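Just the heavy atoms: all of them, side chains too, but no hydrogens, waters or symmetry mates, feed the values below. For clarity, every value in this text was computed on a predicted model and none was experimentally measured.
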Amino acid sequence: MSLTTESERQSLGVLSPSSEESLIARCAGGKGRNLHALTTAGFQVPDWSVIGLDVFAGFSRSGGLDDRLARLLADGRDTTAGRVAAEIAALIEATPLDERTASAIALAYRQAGGGLVAVRSSGQEEDGTEHSFAGQFDSYLNVRGLDQVMAHVRRCWASGFSERSLLYRAQRGLPPGTAGVAVVVQRMVPAERSGVLFTADPTTGRTDRHVVSAVHGLGEGLVSGAVDADTVVLDATTGEPLSTVIGDKQERYDAGAGPGCRVSPVADEDREALSLTADDLALLHAAGVRATEHYGAPQDIEWAIADGTLWLLQSRPVTTLGRDPGTAQEPEGELRIWDNSNIIESFSGVVSPLTYSFAADTYAKVYESYARALGVRGEQLREVQEWTPHLLGYVHGRVYYNLYHWYRMVRLAPLYPLNRRVLEKSLGVAESISDETADALHPFTPRPGLRGRLSRSARTAVFARRFLTIGRSVEIFHRDFYRAYEVFNNVDYDALPGDETYRRFRRLQRELIEKWGPMQALDATILLSVGLLALLTRRWLPDAPEWFTWAAAAPGGDVESAEPAWALAELAATVRADDEARHLLEHTPDADAYQALAEAGHTGVVAAVDAYVASYGYRSPDELKLEVPDLYENPAGLFTLLRDALPETRGGGAGEHRGEADAYLDRHLRGPRRWVYERVRRKARAALTDRERLRFCRTRAFGAAKRMLRALGRDLARKGALSAWDDVFMLRLEEVRGAYEGMIAHTELKELAALRRTQLAADAELHAPARFTTRGAPYWSGNLERAGWNSGPAARSGARELRGTPCCPGVVEGSAVVTDTPRDIGGGILLTYRTDPGWVAALPSAAALVIERGSPLTHVAVVARELGIPTVVQVRNATTEIRTGSLLRVDGAAGTVTVLADPPDGGAAAETPDTPRTETHP
């Protein structure tokens, strides 16, 4: 393996899977971008690298080609495209390679593994949603040796100006350009079977079908049309074959002695049989489902199978979908991107209509107040009020970010290009939107001329003042919040008349929630300070590991949000000191544990439990979901966590990552740069610490609202408006208001609640994509069907190594505990689709943490860094690919999760997870 650093690769213009997404977008071309997306999404992709567009630009400058290319392309309007293409190809062939270009090609070849490779052109506009450029540029298979690679790179560059590509541009009104193409160098897979997978029927446009074409050997015979392939149509939901056509498959293509392919006959028995096994079809279906979900659109996927492993070679949008007369037309209207990112940390799975509507109402009020706090007034404020109520979407019972509105919100503060990138990291957004789209998103219509500049300057000045004084603002808000909170917290709402509880609920919204807006300047401060820290790290510490910035920005000292974890550890120590109490807890059901302890006379343990609940009873899994009881209402869940914490902690050491960050800085950054870096770092750490404090406030505010709304449910049930008190969760907030304000007939509510409860149960059975797009009204015109909503769970692909975003360094081997609730971890590796703040108390029992959805700035990731637990987030398909009891190796610095061994019983949870082995990361 090459030891070349990322900075050295970038200096030569060579791109790899670890290159920044923005660099890939600019320089890798369409094929390179798609390979990067496939690789970072965790698909099995052969080793690759890209000789970027800037390499060709450097070659063109050093060889004096710039002016001649421009003249030839300009003269092409008055002559034939074929003549222009031939002259350009001759120029590229005759121009010597300068040292930098030759070094870049040699490095790209090494990065792809050397040996036998494919050399493929990758045009900047290729494989896009509007223009595919299919077949316009050249690709070469089975190229071996550096001299041959260099020769074929030249040919790829020349194909960027081929006659067919120049004509393609002219036919579509695209201007000729001198930028050329990037070149992908990719390891050749010794394919036993190859083909193409469409995740929608390309002839009818039906998205409930997958179409697979397959041949023996390499896919060149299929792509060229020389081999009559097998074709299998699969049900998109279940993967069941719907129709099978056996192709003639007279020949197969394999690697030959030199570039190109060797053609040989296929045995008669292989020609007459389907080239794909049932296992092959299952792997292809699973990969198709994942790819469609990942990209949010049907895909055209090139694949190969070797030694039982499915390799994806390319994936591009299907740009020529036909129309089925019986299906709806492509919808028109506003484009929306829905992404559950880290909103799933607060509102996981199916949530009640009351929870969603209360959250959406809260977000709308808070961010409108934030705009006011930045000085937005008049018509501009009215425009802001158009989109703030729609920051969150509600699709089949799940909560999603309406993502474009979040970019608009970030643009309220200055330095938008930097802040939006950090927003994507902090939300855990898997894919960036294009720069063109991002630039078109505004919170309100920009004012032209001097008036617009003055307006922006005034808003920047207000933000700068809030940025500089945010610490003091948080202190004042924190003090005032708790003064008001005490008024709402110590009340028995069930003893009050319903109207009085409703009035207090409206007052809570005004005094605790609507005043939260100015505090959103803290989130903007985090985006700006962490963004600046990442920028300084990239410029001054280009070889720093990926986890470094998050560790350097980690809150200093003990963060308030880690207190429940420490308190639970102290409670566990109290129980461990009493052998009889420990035995009782380990053999008593959670619901009976408290009473059993009290009856057995363990007054010290009971007092410690009471103290924990008194301090942190509002902290529980799914604590922001109004329908979920907290520990005050049902303390049984505490005993699950307590029992799991009784063994001695086997995780990392608290604060260890901060020490590593400081040591790295001491070795690599000194003088004035270190001083500047520490000033920015101090601001980021202080802001993150304050955010964790405010999250405690948010949870308490939601807890008070939860108690009030539950009391209103009981009041409506007593009045006969609801059949049962918990039917209140099936109502929307405006309907609860309507019941008390006289805007809705009480006779409507029972039927409405019953209907919603039935619908929510059906929604819970659906497979929900993490990200998808819609046009126009989301539920109509086939939007959700195209987005991948269906009733079938995702299938396993068999991947053995998954990649994510590293959060906290350290290497751990141990048994996986795959769970959707924080329980029964027992020192294993906690692996989950998502977390929420209520999981914090379970962290000391985990040796490592792997989260499928989330970001380095989610609440649990911040606390895990504080506790020193190796952590990887954004590990796509982790809960699909890995089963409880699997032996894993988690590298929190590299961001990798490796399956070392499957469960011995094929997937049942191990009764006692293996004791993990923790290693100190170098």
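- Nearest heavy-atom pair across Pro389 and Ala364 is CA-CB, 3.6 Å.
- Counting only distance, with no hydrogens or angles, the side chain of Arg316 and the backbone of Gln299 share no donor-acceptor pair below 3.5 Å.
- With hydrogens and angles disregarded, no donor-acceptor distance shorter than 3.5 Å links the side chain of Asp820 to the backbone of Tyr833.
- Results of the side-chain contact (heavy atoms from CB on, under 4.5 Å) test with Ile337 over Thr773, Asn402, Thr437 single out Thr773 as the only residue that passes.
- Across all non-hydrogen atoms, the minimal contact from Pro298 to Thr199 is CA-OG1, 3.2 Å.
- Taking the ring centre of Phe729 as origin, the terminal cationic atom of Lys625 falls outside the region bounded by 6.0 Å and 45° from the ring axis.
- Tyr416 contributes a side-chain N or O that, together with a main-chain N or O of Ala438, makes up a donor-acceptor pair within less than 3.5 Å.
- When all heavy atoms are compared, the tightest approach of Ala878 to Val850 is CB-CG1, 4.4 Å.
- Ser315 and Ile301 get closest at one heavy-atom pair: OG-CG1, 3.6 Å.
- For the pair Arg420 and Asp439, the salt-bridge criterion is not met [side-chain N within less than 4.0 Å of a carboxylate O].
- Considering Arg876, Arg290, Arg803 as possible partners of Glu881, the one that fulfils the salt bridge (charged side-chain N to carboxylate O under 4.0 Å, His left out) test is Arg290.
- In this structure, Pro769 and Tyr400 have side chains that are in contact, with non-hydrogen atoms separated by less than 4.5 Å.
- Side-chain contact check for Tyr394 versus Pro353: some heavy-atom pair is nearer than 4.5 Å.
- A distance of 6.0 Å separates CD of Gln509 from CG of Leu733, quoted to the nearest 0.5 Å.
- A donor-acceptor pair is defined here as one N or O able to donate and one able to accept, closer than 3.5 Å; no such pair exists between the side chain of Lys683 and the backbone of Leu528.
- Remark: the backbone N or O of Leu412 is paired with a side-chain donor or acceptor of Arg459 at under 3.5 angstrom.
- Considering only heavy atoms from C-beta on, Leu38 stays 4.5 Å or farther from His294 through its side chain.
- Ring geometry for Tyr401 versus Trp406: interplanar angle over 60°, hence perpendicular rather than tilted (30 to 60°).
- We find the CG-CG distance between Leu694 and Asp523 to be 8.5 Å, quoted to the nearest 0.5 Å.
- By the side chain to side chain contact (heavy atoms under 4.5 Å, CB included) test, Thr39 pairs with Pro17, Val45, Trp48, sequence neighbours left out.
- The CZ atom of Arg398 sits 6.0 Å away from the CG atom of Leu766 when rounded to the nearest 0.5 Å.
- The shortest side-chain heavy-atom distance between Met519 and Asp690 does not fall under the 4.5 Å cut-off.
- With sequence neighbours excluded, the residues that form a side chain to side chain contact (heavy atoms under 4.5 Å, CB included) with Ala687 are Leu522, Thr525, Ile526.
- Residue pairs meeting the salt bridge (Lys or Arg N to Asp or Glu O under 4.0 Å) criterion with at least one partner in residues 379-389, sequence neighbours excluded, are Glu379-Arg382.
- Between Lys31 and Val50 there is no side-chain heavy-atom pair separated by less than 4.5 Å.
- Looking at Ser348 and Asp622, their side chains do bring a donor and an acceptor atom within 3.5 Å of each other.
- Taking a cutoff of 4.0 Å between a charged side-chain nitrogen and a carboxylate oxygen, Asp763 and Arg756 do not qualify as a salt bridge.
- For the atom pair OG (Ser369) and CG (Leu374), the distance works out to 9.5 Å, reported to the nearest 0.5 Å.
- Side chain of Arg685 to backbone of Ala554: a donor-acceptor contact under 3.5 angstrom is found.
- Between Arg771 and Glu293, the closest side-chain pair of non-hydrogen atoms is not below 4.5 Å.
- The minimum heavy-atom distance between Ser357 and Leu731, with the atom names listed, is OG-O, 4.4 Å.
- Gln520 meets the side-chain hydrogen bond (donor to acceptor under 3.5 Å, both in side chains) test with Tyr367; sequence neighbours excluded.
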>> Checking Glu368 against Leu381 for the side-chain contact (heavy atoms from CB on, under 4.5 Å) test, could you report, in this order, the C-alpha distance in whole Å, the side-chain angles of both residues, the deciding distance, and whether it holds?
In response: CA-CA 8 Å; Glu368 179 190 330; Leu381 181 61; 4.3 Å; yes
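- Annotation: the span from Leu391 atom CG to Arg408 atom CZ amounts to 10.0 Å, rounded to 0.5 Å.
- When every heavy atom of Phe772 is checked against every heavy atom of Ala787, the shortest pair comes out as CB-CB, 3.4 Å.
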>> Does Met409 form a side-chain contact (heavy atoms from CB on, under 4.5 Å) with Tyr363? I'd like the steps, not just the answer.
In response: CA-CA 11 Å; Met409 183 274 294; Tyr363 273 71; over 6 Å; no
>> Go through it in stages, so that I can follow the logic: the residues are Tyr370 and Thr388, the test is side-chain contact (heavy atoms from CB on, under 4.5 Å), and I'd like the CA-CA distance, side-chain angles, deciding distance and then a yes or no.
In response: CA-CA 11 Å; Tyr370 171 53; Thr388 48; over 6 Å; no
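- Between the side chain of Arg336 and the backbone N or O of Gly776 there is at least one donor-acceptor pair closer than 3.5 Å.
- For Tyr407, the side-chain hydrogen bond (donor to acceptor under 3.5 Å, both in side chains) partners at least two apart in sequence or on another chain are Glu424.
- Under the 3.5 Å distance criterion, the side-chain polar atoms of Ser122 are matched with a main-chain donor or acceptor of Ala28.
- Between Cys808 and Trp547 the shortest side-chain heavy-atom distance does not fall below 4.5 Å.
- In summary, of the residues considered (Ile343, Val875, Asp339), a side-chain contact (heavy atoms from CB on, under 4.5 Å) with Arg853 occurs for Asp339 alone.
- Within the 3.5 Å criterion, the main-chain N or O of Ala37 finds no donor-acceptor partner in the side chain of Tyr295.
- By the ring pair (Phe, Tyr, Trp, His ring centres under 6.0 Å) test, Phe198 is found to be paired with no residue, residues two or more places apart in sequence or in another chain being considered.
- For the pairing with Glu852, the side-chain hydrogen bond (donor to acceptor under 3.5 Å, both in side chains) check across Thr832, Thr879, Thr835, Asn877 returns one residue only, Thr879.
- Within the 4.5 Å cutoff, the side chain of Val395 has no heavy atoms near those of the Pro778 side chain.
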>> Walk me through whether Cys697 and Trp516 qualify under side-chain contact (heavy atoms from CB on, under 4.5 Å).
In response: CA-CA 10 Å; Cys697 296; Trp516 214 291; 3.6 Å; yes
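- Distance check, rounded to the nearest 0.5 Å: CD1 of Ile851 to CD of Glu345 gives 7.5 Å.
- Within the 3.5 Å criterion, the main-chain N or O of Ser19 finds a donor-acceptor partner in the side chain of His36.
- Using cut-offs of 30° and 60° for the angle between ring planes, the Phe702 and Phe347 rings count as tilted.
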